[in-house]
Number of protein chains: 2
Amino acid sequence: MLNLNWLQTFVTLVDTGHFTHTAEKLFMTQPGVSQHINKLESACGHALILREKKSFDLTEQGRLVYQYAQQLLMSEQHLFEQLIFDNPDEGECKLACSGALALMLYPKLLSVQAEHRKLVMQLKAAPNHEILNAINTGDIDLGIVTNMSSDAQKSSDFTVEQVGHEALCLILPVKYEAQPITEQLLIDLGLISHPDAKHYLSLYFSQSQLPFFTNTRLEEIPKTGFVNQINQILLPVAKGLGFTVLPQSIVDSFNDQESLTIFKPDKPVIEMLYLVKKRNRVLPARFEQVSSLIKSSLLAQIE
Amino acid sequence: MLNLNWLQTFVTLVDTGHFTHTAEKLFMTQPGVSQHINKLESACGHALILREKKSFDLTEQGRLVYQYAQQLLMSEQHLFEQLIFDNPDEGECKLACSGALALMLYPKLLSVQAEHRKLVMQLKAAPNHEILNAINTGDIDLGIVTNMSSDAQKSSDFTVEQVGHEALCLILPVKYEAQPITEQLLIDLGLISHPDAKHYLSLYFSQSQLPFFTNTRLEEIPKTGFVNQINQILLPVAKGLGFTVLPQSIVDSFNDQESLTIFKPDKPVIEMLYLVKKRNRVLPARFEQVSSLIKSSLLAQIE
DNA sequence: TGTTATTGATAATTTTTTGTTATGAGGTGG
DNA sequence: CCACCTCATAACAAAAAATTATCAATAACA
């Protein structure tokens, strides 16, 4: 392994072209410089300089090592700067949320990044449990999840903050507009499924006070479609091929609203949104603006 | 300064999450691991891990250092690979030649680079003495120059190889086509100057056996223009604003040939082209294809 | 062309750093 | 609750690095 001190000495030597001057510059003795170069050479397995008379020339390997060393010393300096100053406009933000929220949030995050090019936004759409898992391993810095309950036993590992809520909609083809919803109707129509469909469905029926489907019987609904592209889920519904359950925001952003009908339950179905990070983790300064952006976006949506 | 061994230990520790396992993996003892981490932390001036119970969490600084260390270890490995294997298709080629030759060579060099994206061609157009100087300092790996004579005293510092020659042309506006060339005509017409004009002029008159301009009187020719864009020098000549001296290849690549007339001296004026590198310097493998490309290009041009 | 001053290499010695062993405190799991 | 595992600490041994004291080779200069 290449010792950084040797590299520093080597760079200075190449710059000055002079062993003694290098020693003075680095507050060491001249034999020390010779030794550093010798050690570096044997660590590299190659001669780095060709000594001739008083001066020397770089070998090709010497050039490579010189380039490498310069980069290295620069990047170490950069690291130290990062360590002492937590720049709010620089660094990676690894975020995760549901596909529905990603659809809304990603453009806003990107406009922040457009202003601060060194602030790199990474947004991953994933189901709840995967988000929590990724936060735990440190793959994700900050996540937005819906229900914390099912992972409650782990919840002590997280810092959770409620940041908003979103209405869930039961969506059918427009031709059922005037019809009363029955369990049999839904079974006949079939479900257009998607990654969060199961979770949304059980949430919807348990909250909406509709006397349909106890949890055990949700499986009985036939699946007449599946997509994991959030903005394409409503296409088959619009074409009359099935029903589905999605957050309000997805429905709002769909082009062909006239082909859909949204069922109005007696009691609106709301899912809570939680901003989650790892417990004890103090996020860098850049997450200030990110989380306030998230909060204001989610609040604005409720209006 | 951050010791590479400490960083290696730190990375392994973060990966395993386990001091003892880290020690085993790196063939050291467990207290050694503890010490490495302590030293790294004090060198960074920050806690890198938060020890709690048996396990630990990374601090934000720890994350930064981890990222940095991973990059570093990777790039050191890359360096070693470069040192043992001189890849003919990877690396920088820093070349220099006259503007005229650059015009011809650069497209060819770029088509080589297009095939081998890691082979980066850097071509600089510069006058002779600047090229020799840059080769001497190591800023340029390989150069093409015309006359070595004036820097002959230094020539022992270089390895020189003749690689071709190029005809020099005296170019006038087409309206002088039928006219005999006299010294007075040139003075009346005026010189369209460019960076190599003086050198080309003295070469031309000393070789062409025209009884014009002893070197001392070259200065008397009035300058009626100047450009340092090689492919724009002939524009003012075509418009009748002056004469100039340029290599044949530049004339050939000019669009508006009909507006020019090229003087035919009794004895054609040739300037030799030399491929020059620093003496004793063994260039990396990638220069094989570069110099054979240069040679074949210059030979092809002579035909 | 001697003569002196510089420059870098080498060897021996000292100092500093690093790694190991021995041990202990705190936590875990059967 | 006991045996075990994990990491921290201190004392010591080993290795690495720096320094001093030289020397040979070259350059500079009278």
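Proteins get letters first, then strands, A, B, ... in listed order; numbering begins at 1 in each. Everything numeric here is computed off the predicted structure, so don't read it as measured data.
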(Q) Between C:dT20 and B:Q35, counting only base atoms on the nucleotide and side-chain atoms on the residue, is there a donor-acceptor pair under 3.5 Å? (A) yes
Q.
Ignoring hydrogens, what is the shortest heavy-atom contact between B:G91 and B:R286? Give both atom names and the distance.
A. C-NE, 3.6 Å
Q: Could you list all the salt bridge (charged side-chain N to carboxylate O under 4.0 Å, His left out) pairs where at least one residue sits in residues 126-146 of chain B, not counting sequence neighbours?
A: B:D141-B:R281
Q: Kindly write out the residues that satisfy side chain to side chain donor-acceptor pair (under 3.5 Å) with B:E76, not counting sequence neighbours, or none if the list is empty.
A: none
Q | Partner set under side chain to side chain donor-acceptor pair (under 3.5 Å) for A:K278, not counting sequence neighbours | A | B:D57
**Q.** Separation of atom CD1 in A:I37 from atom C1' in C:dG8, rounded to whole Å
**A.** 12 Å
Q | Residue list, ring pair (Phe, Tyr, Trp, His ring centres under 6.0 Å) with B:Y200, at least two apart or on another chain | A | B:H194
Q) Reckon A:R51 has a side-chain N or O less than 4.0 Å from the OP1 or OP2 of C:dA9? A) yes
Q. Below 4.0 angstrom, N of the basic side chain to O of the carboxylate: do B:R51 and B:E41 qualify?
A. yes
(Q) Whether A:K295 and A:E161 form a salt bridge (side-chain N of Lys/Arg under 4.0 Å from carboxylate O of Asp/Glu) is what I want to check. (A) yes
Q. Along DNA chain D, 5' to 3', what are the outermost nucleotides having an atom less than 4.0 Å from a heavy atom of chain B?
A. D:dC5 to D:dT9
Q. Which atom names give the shortest non-hydrogen contact between A:I131 and A:S98, and what distance separates them?
A. CD1-N, 4.3 Å
Q. Is it true that atom CD of B:E81 has more than 12 heavy atoms of other residues, nucleotides or ligands lying nearer than 6.0 Å?
A. yes
**Q.** Strand contacts (DNA chain D) in residues 12-33 of chain A, 4.0 angstrom heavy-atom criterion
**A.** A:M28, A:T29, A:P31, A:G32
Can you list, pair by pair, the side-chain donor-acceptor contacts under 3.5 Å of residues 23-35 of chain A, counting residues two or more places apart and other chains?
from, atom 1, to, atom 2, distance (Å)
A:Q30, NE2, A:S34, OG, 3.4

Q: Just jot down the ring pair (Phe, Tyr, Trp, His ring centres under 6.0 Å) partners of A:H18, sequence neighbours excluded, or say none.
A: A:H21
Q.
According to side chain to side chain contact (heavy atoms under 4.5 Å, CB included), who are the partners of A:F56, at least two apart in sequence or on a separate chain?
A. A:L13, A:F19, A:I49
Q: Could you list by number each residue of residues 40-49 of chain B showing a heavy-atom separation from DNA chain C of less than 4.0 Å, or answer none if no residue does?
A: none
(Q) Rounded to whole Å, how long is the line connecting atom NE2 of B:H36 with atom P of C:dT17? (A) 14 Å
Q. For the helix from C:dT1-D:dA30 to C:dG30-D:dC1, how many degrees between its two end axes (five pairs per end), to the nearest 10°?
A. 30°
Q.
Going by the rule side chain to side chain donor-acceptor pair (under 3.5 Å), which residues pair with A:S75 if we only count those two or more places apart in sequence or in a different chain?
A. none
Q: Measure the distance from CZ on B:F56 to C1' on C:dG26 and round it to the nearest whole Å.
A: 18 Å
Q: Specify the separation, in whole Å, of atom NZ of A:K39 and atom C1' of C:dA9.
A: 15 Å
